[in-house]
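As structure tokens, the structure follows; a few thoughts come after it.
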Amino acid sequence: MSAPARLVVLISGNGSNLQAILDACRSGALPAKVAAVISNKSDAYGLERARLAGLPALALPKRKELDRLDYDCMLAEQVAAFQPDWIVLAGWLRLLSLEFLGRFPGRVVNIHPALPGAFPGLEAIERAFAAWQRGVIDHSGVMIHLVPDEGVDSGPVLAQERIDFLPGDTLESFAQRMHTLEHRLYVETLHHLVTQVQSCER
Ligand code: GRF
């Protein structure tokens with residue numbers, strides 16, 4: 001049997017998607033190993049989650065004297081040192097340049113809390129909720145996609161699932177359903193990715 005796929009997870013904050021991935025790896029539901037967690041925010045709670053799981057947890061904030069490409073180059077070096085099969089963006093809130101992406105072609109995966117083409121960028125859940133309140137939309141969803149270039153929350157779609165707004169929804173109730181879906185869909189999609197690649201290697 002081949003070794004479990006190695007994931008490096010990039011985060012910027014709470015890390016609930018990271019936690020879902022860690023739990024799935026530990027239970028065996030996801031045949032993968034998180035090799036490291038890296039955050040561009042030193043105070044990201046996700047770093048604590050990684051430490052609690054006994055994993056390398058690196059804070060790599062962008063220092064002012066580094067320009068964007070130098071930072072991405074340094075980040076790529078740090079990520080590559082963990083020899084990842086997949087780089088998993090889980091609430092990573094920095095746009096990655098080709099300086100980084102070019103080092104890992106076809107191996108960077110992102111989650112966006114909206115459907116393809118909808119609400120790219122920050123606060124997609126809040127913006128979708130506001131659009132529903134204005135009567136513009138009646139559903140939203142979650143997508144998982146590859147990150148081939150510097151497009152914001154765009155790229156080949158690996159999975160997507162719709163969520164309908166419900167009568168009486170509040171931002172909190174909607175966000176809760178979205179996060180529950182995110183956690184399941186990310187684990188399922190990563191499972192598909194890592195087992196597909198493993199079976200091709202046999
Ligand atoms: C998620 O909604 C993710 O889709 C978005 O940022 C949020 C991160 O949440 N990109 P968490 O840090 O995984 O809890």
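Note that the structure is a prediction, hence the values are computed from the model and not measured. Both ligands and their constituent atoms are indexed starting at 1 by order of listing.
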Closest approach of any protein heavy atom to atom 4 (O) of ligand 1, naming residue and atom: E182 OE2, 2.2 Å
Identity and distance of the protein heavy atom lying nearest atom 10 (N) of ligand 1: I111 O, 3.7 Å
Check: E188/H191 side-chain N/O donor and acceptor closer than 3.5 Å: no
Going by atom type alone, with no hydrogens or angles, which donor-acceptor pairs under 3.5 Å involve a side-chain atom of residues 54-66 and a protein atom two or more places apart or on another chain?
| unit_1 | atom_1 | unit_2 | atom_2 | d |
| --- | --- | --- | --- | --- |
| K62 | NZ | L66 | O | 2.8 |
| R63 | NE | E65 | OE2 | 2.8 |

Minimum-distance protein heavy atom relative to atom 14 (O) of ligand 1: S16 OG, 2.5 Å
Minimum side-chain heavy-atom gap L10-N40 below 4.5 Å: no
Per-atom contacts, ligand 1 versus G91 - under 4.0 Å to a heavy atom: 6 (O), 8 (C), 10 (N)
Any N/O pair N17/ligand 1 closer than 3.5 Å: yes
Stacked cation flag R94 on Y71, 6.0 angstrom / 45 deg: yes
Any Q19 heavy atom less than 4.0 Å from ligand 1: no
Closest protein heavy atom (residue, atom, distance) for atom 12 (O) of ligand 1: G15 N, 2.8 Å
Polar side-chain atom of T170 near backbone of S173 as donor-acceptor pair, under 3.5 Å: yes
Check: R127 side chain, P120 main-chain N or O, donor-acceptor pair, under 3.5 Å: yes
Enumerated ligand 1 atoms positioned under 4.0 Å from heavy atoms of N14: 12 (O), 14 (O)
